[in-house]
Peer 1: 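Supplied in structure tokens, the structure appears directly below.
Chain naming here is simple, since letters A, B, ... match the order of the sequence lines and numbering starts at 1 in each. When reading the values below, keep in mind they use all heavy atoms of this one structure, side chains included, and skip hydrogens, waters and symmetry mates.
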Amino acid sequence: MKEAKYQGTHHLEKSNFDLFKTIDCGQCFRWSHKGERFIGVVNKSILVIVEEASQYTVDVYGSPLSKSDLQHYFDLDTDYEPIYNVLMARDETLKKAVESGWGLRMMHQAPFETLISFILSSNNNIPKIKMTIEALAERFGEPLGTLEGQAFYAFPEVQPLAEASLEALNVKAIGYRAKSVSFTAKKIVEESLDLSVPFALSAEAGRTWLKQFYGVGDKVADCILLFAYEKEEAFPIDTWVKKMLMTLYGVEKNHMDFIKHYFIAYPGVAQQLLFYYIRNIQNKG
DNA sequence: TTTCAGGTGGTGC
DNA sequence: GCACCACCTGAA
């Protein structure tokens, strides 16, 4: 494979934007970091981001990616301060969660990639999901070139996944989820489904639309709505969140009703902040 | 060697 | 509508 072509450099302001928190909170799977250097694959571009005192310097390789694409991908055009202020005023825990997660942004990722990635996330954990996605990209994705000897691949398009046999899809750690990936890709191709449809739907209707795919239930649908379709009302409920809602608010059932009333306009941001906060407390013991 | 974590889909009530 | 279980694999 050839060396990936350098396509230019962008700079991003660090004000109210923390790249580490943004890629470390479980919303994306194609980013890694070592110290202040981050590497990720976004569509057909490889991004190498270096954190400096007052800004992030982004080198683009592979296909070009404009500054505005980058701004949109990391949701940098949204002013988070009013959201933070509303959430911080709710209670002490949210206040601490906002303080610890300050700068965490809701990413806007490609619908097909997000759909398949979160199908893989069911009954699974982040390191394994990442392994599987890299294996799928290597087998079915477009080669983007090498950087320092390492090969990078785009996330697979729908067509090769739809055409692949279950044996071919049986990559590392995928397990029974190969069937869900296959069914979903086949359905999109055979029924010529337009994945941009949920952008125009309410969160409720979008959830129903996404659940037409085998392997997509309430939680996975809400992740896709939040991380690809910019539905801030979506609130993915997994076992962590259930425990958190029980511990912090004594909520045992009807989670969605509580969420709608308590987090008002920003359930998605609240969910990410609380998830990040709880997980960090857990990791620190 | 065994056990566990983690959503969805299906079955049976 | 709710309760239960199979599904698969890496990590502990």
Peer 1: Treating Gln27(A) as the side-chain partner and Arg105(A) as the backbone partner, does any N or O pair qualify as donor plus acceptor under 3.5 Å?
Peer 2: yes
Peer 1: Does a side-chain N or O of Trp240(A) approach OP1 or OP2 of dA5(B) to a distance below 4.0 Å, or not?
Peer 2: no
Peer 1: Could you tell me the boundaries of the chain A footprint on DNA chain C, defined by atoms under 4.0 Å from its heavy atoms?
Peer 2: dC7(C) to dG10(C)
Peer 1: Counting only heavy atoms and a strict 4.0 angstrom limit, can you tell me which residues of residues 115-128 of chain A come near DNA chain B?
Peer 2: Ser122(A), Asn123(A), Asn124(A), Lys128(A)
Peer 1: Kindly give the cluster partners of Met246(A), where membership spreads through any ILVMFWY side chain lying under 4.5 Å from a current member.
Peer 2: none
Peer 1: Could you give all pairs that pass the salt bridge (charged side-chain N to carboxylate O under 4.0 Å, His left out) test and reach residues 63-89 of chain A, with sequence neighbours left out?
Peer 2: none
Peer 1: Test: salt bridge (charged side-chain N to carboxylate O under 4.0 Å, His left out). Region: residues 3-27 of chain A. Which pairs qualify, not counting sequence neighbours?
Peer 2: Lys14(A)-Glu51(A), Asp18(A)-Lys21(A), Asp24(A)-Arg279(A)
Peer 1: Does Glu92(A) come within less than 4.0 Å of Lys96(A), counting only side-chain N to carboxylate O?
Peer 2: no
Peer 1: Taking only distance into account, with no hydrogens and no angle test, what donor-acceptor pairs under 3.5 Å do side-chain atoms of residues 137-156 of chain A form with protein atoms, sequence neighbours excluded?
Peer 2:
residue	atom	partner	partner atom	Å
Arg139(A)	NH1	Ala168(A)	O	2.4
Glu142(A)	OE1	Lys44(A)	NZ	3.0
Glu148(A)	OE2	Arg37(A)	NH2	3.0

Peer 1: Return the set of residues passing salt bridge (charged side-chain N to carboxylate O under 4.0 Å, His left out) with Glu232(A) (not counting sequence neighbours), or none when no residue passes.
Peer 2: none
Peer 1: Go through residues 204-217 of chain A and report each residue with a non-hydrogen atom lying under 4.0 Å from DNA chain B, sorted by number.
Peer 2: Phe213(A), Tyr214(A), Gly215(A), Val216(A), Gly217(A)
Peer 1: Looking at Phe263(A), is Arg90(A) sitting on its ring face, NZ or CZ under 6.0 Å from the six-membered ring centre and within 45 degrees of the normal?
Peer 2: no
Peer 1: Between Lys260(A) and Glu233(A), is there a side-chain N and carboxylate O pair less than 4.0 Å apart?
Peer 2: no
Peer 1: Who else is in the cluster with Phe183(A) when I, L, V, M, F, W and Y are joined by side-chain contacts under 4.5 Å?
Peer 2: Tyr214(A)
Peer 1: Can you measure Lys242(A) atom NZ to dA5(B) atom C1' for me and round it to whole angstrom units?
Peer 2: 14 Å
Peer 1: Give the dot-bracket line for DNA chain C from 5' end to 3' end: parentheses for intra-strand Watson-Crick or G-U pairs under 3.5 Å, square brackets for crossings, | for inter-strand pairing, dots for unpaired.
Peer 2: ||||||||||||
Peer 1: Taking side-chain hydrogen bond (donor to acceptor under 3.5 Å, both in side chains) as the cut-off, I'd like each qualifying pair that reaches into residues 185-194 of chain A, sequence neighbours left out, listed once.
Peer 2: Ser182(A)-Lys186(A), Lys187(A)-Glu191(A), Asp194(A)-Ser196(A)
Peer 1: Give me each pair satisfying ring pair (Phe, Tyr, Trp, His ring centres under 6.0 Å) with a member in residues 70-96 of chain A, each pair once, sequence neighbours excluded.
Peer 2: Phe17(A)-Phe74(A), Trp31(A)-Phe74(A), His72(A)-His108(A), Tyr80(A)-Tyr84(A), Tyr84(A)-Trp102(A)
Peer 1: Does any part of the side chain of Ile188(A), heavy atoms only, come nearer than 4.5 Å to the side chain of Phe112(A), both counted from C-beta?
Peer 2: yes
